[in-house]
There are 2 protein chains.
Amino acid sequence: MAAAAPSWVDLTLQSLRGEGFRNGGARRAVVDLLGRQECCLTAQEMFDRLRDEGNPVGIASIYRVLELLSEKGFVQRIEVGSGVARYEPAHHAGEHHHHHLVCDRCGKVEAFADEELEAAIHNVEGRTGYRVAGHDVVLRGACGDCR
Amino acid sequence: MAAAAPSWVDLTLQSLRGEGFRNGGARRAVVDLLGRQECCLTAQEMFDRLRDEGNPVGIASIYRVLELLSEKGFVQRIEVGSGVARYEPAHHAGEHHHHHLVCDRCGKVEAFADEELEAAIHNVEGRTGYRVAGHDVVLRGACGDCR
DNA sequence: CCCTAAATGGTAGCGGCTCTCATCTGGCGA
DNA sequence: TCGCCAGATGAGAGCCGCTACCATTTAGGG
């Protein structure tokens with residue numbers, strides 16, 4: 001990856017543009033917000049965050065944008081057990097690829113990454129008969145504060 | 001498994017009995033149904049199935065039973081991305097331990113198991129700072145029928 | 001057999017998400 | 001640069017999974 005590697009935000013917007021999608025304010029706002037995020041956000045969190053930033057976006061638009069991004073593989077949709085979906089940028093190159101630790105008690109979500117785990121998953125994928133598009137690993141338990 | 005090993009159904013009901021819980025018809029029906037299942041079910045599927053079998057159980061009772069079983073570790077709650085929770089018996093001994101393949105297109109859920117993957121996850125667990133109670137792995141993609 | 005607390009089930013309510021539709025606008029053609 | 005219009009947006013109604021509530025039933029010890 002050269003020095004001029006485009007950011008995830010730019011890459012995403014440009015790719016969509018290239019597929020004939022227009023570049024409205026709502027989509028740009030959501031993509032930009034996701035690009036500034038280090039871990040996953042819920043749709044409601046995005047709604048609140050954008051409103052606080054003085055750039056309100058309809059909740060319907062947020063879901064619409066997330067659906068498109070998810071379908072195109074730019075974001076990863078994650079469900080960690082509370083019945084609420086979370087979303088985060090999908091970094092294909094493995095660069096920021098990670099999984100999640102969820103506290104059963106307080107609901108906190110943290111990230112972790114592990115090479116060995118990725119390798120094991122990759123090995124499994126080939127044997128499934130599926131064309132595997134992605135994977136999630138969620139570890140559940142009590143976090144340091146709650147145990 | 002020795003000949004006298006109690007089934008998951010018996011073990012579950014007996015354990016709850018031992019903790020002072022009574023043994024009502026709804027709980028017995030749900031545990032029995034889960035015990036006959038090879039993979040995960042949604043609450044609604046259980047409701048319909050029990051009704052069809054002539055043993056109707058209130059949807060509220062089903063959720064209550066599942067919450068108790070889940071809390072006590074007898075069932076595993078799984079979310080595979082459609083916003084609906086699924087439940088299946090938890091086989092602690094690793095015996096029937098498995099994870100899930102979900103078809104993005106048709107929603108089909110299948111099971112798979114892999115030793116190497118389990119080992120990798122186990123290694124990660126120790127480094128998290130969490131007291132890890134369980135884990136889920138979900139592979140998403142297109143199944144043989146849909147690809 | 002009785003009594004009481006646990007269990008049950010119908011239903012209202014809540015919240016996340018989706019659908020619908022009227023309005024707005026990015027960006028291309030003229 | 002201007003006008004057009006398909007794609008994009010947002011408000012709100014509606015849907016559905018799930019939970020809360022409460023009146024009724026029942027398991028099972030005494």
Side-chain angles (χ1 to χ4, degrees), chain A residues 12-33 40-72 74-75 77-87 107 109, chain B residues 12-33 40-72 74-75 77-87 107 109:
Chain A
T12 300
L13 290 176
Q14 280 168 29
S15 298
L16 290 176
R17 195 71 201 75
E19 289 193 52
F21 293 97
R22 287 188 193 164
N23 211 335
R27 184 177 302 152
R28 203 162 39 234
V30 171
V31 171
D32 183 64
L33 174 60
C40 46
L41 287 175
T42 66
Q44 194 61 50
E45 284 166 354
M46 296 181 210
F47 180 81
D48 295 339
R49 194 77 70 92
L50 290 173
R51 175 164 295 265
D52 290 349
E53 292 177 3
N55 190 8
V57 170
I59 192 75
S61 295
I62 291 180
Y63 281 109
R64 232 186 334 243
V65 170
L66 290 173
E67 185 185 358
L68 176 65
L69 293 176
S70 174
E71 196 173 289
K72 297 293 178 185
F74 294 114
V75 307
R77 180 190 168 131
I78 299 149
E79 302 205 19
V80 295
S82 55
V84 193
R86 291 171 169 271
Y87 302 84
V109 177
Chain B
T12 300
L13 290 175
Q14 281 168 28
S15 299
L16 290 176
R17 194 73 201 76
E19 290 192 53
F21 292 96
R22 287 185 192 168
N23 211 336
R27 183 177 301 151
R28 202 162 41 233
V30 170
V31 171
D32 183 63
L33 174 60
C40 45
L41 286 175
T42 66
Q44 194 61 50
E45 285 167 354
M46 296 182 210
F47 180 81
D48 295 339
R49 194 79 69 90
L50 290 172
R51 174 165 297 264
D52 290 348
E53 291 177 4
N55 191 7
V57 170
I59 192 73
S61 296
I62 291 180
Y63 280 109
R64 218 175 306 117
V65 170
L66 290 173
E67 185 186 356
L68 176 66
L69 293 177
S70 173
E71 195 174 293
K72 297 293 178 185
F74 294 114
V75 307
R77 180 190 167 130
I78 300 149
E79 303 205 19
V80 294
S82 55
V84 193
R86 291 172 168 272
Y87 301 83
V109 178

Gap between atom [atom2] of [Y] and atom [atom1] of [X] - 0.5 Å precision:
X	Y	atom1	atom2	result
A/Leu68	A/Glu71	CG	CD	6.5 Å
A/Arg77	A/Leu69	CZ	CG	13.0 Å
B/Asn23	B/Gln14	CG	CD	10.0 Å
B/Leu50	B/Asp32	CG	CG	8.5 Å
A/Tyr87	A/Glu45	OH	CD	12.0 Å
B/Asn55	B/Arg28	CG	CZ	9.0 Å

Value in whole Å for how far the [atom2] atom of [N] lies from [atom1] of [X]:
X	N	atom1	atom2	result
B/Glu67	C/dG9	CD	C1'	16 Å
B/Leu66	C/dG9	CG	C1'	15 Å
A/Ile62	D/dA8	CD1	P	17 Å
B/Leu68	D/dT19	CG	C1'	16 Å
A/Ile59	C/dT20	CD1	C1'	17 Å
A/Glu79	D/dC18	CD	P	10 Å

message = Would you say that more than 12 heavy atoms from the other residues, nucleotides or ligands in this model lie under 6.0 Å from the CD of A/Glu67, or not?
response =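 Check fails, neighbour count at 12 or below.
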
ask   = What about A/Arg64: does its side chain form a donor-acceptor pair under 3.5 Å with the base of D/dG7?
value =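 Per atom types, no contact qualifies.
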
ask   = So which nucleotide from C/dG16, C/dT8, D/dA11 ends up closest to the side chain of B/Val65?
value =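 So the side chain of B/Val65 is nearest to C/dT8.
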
Proximal nucleotide (of D/dG10, C/dT18, D/dA20) relative to the A/Tyr63 side chain =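 The answer is C/dT18.
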
task = Enumerate the residues from residues 45-57 of chain A whose closest heavy atom to DNA chain C is under 4.0 Å, giving them by residue number; use none for an empty result.
result =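 Nucleic-acid contacts, sorted: none.
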
Of residues 13-29 of chain B, the positions that come close to DNA chain D - non-hydrogen atoms, cut-off under 4.0 Å =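 Those residues whose heavy atoms fall under 4.0 Å from DNA chain D, taken from residues 13-29 of chain B in numerical order, are B/Arg17, B/Arg22, B/Asn23.
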
request  = Search all heavy atoms of A/Ile59 against all heavy atoms of A/Ala43 and return the closest pair with its distance.
outcome  =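 Taking every non-hydrogen atom into account, CD1-O, 4.1 Å.
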
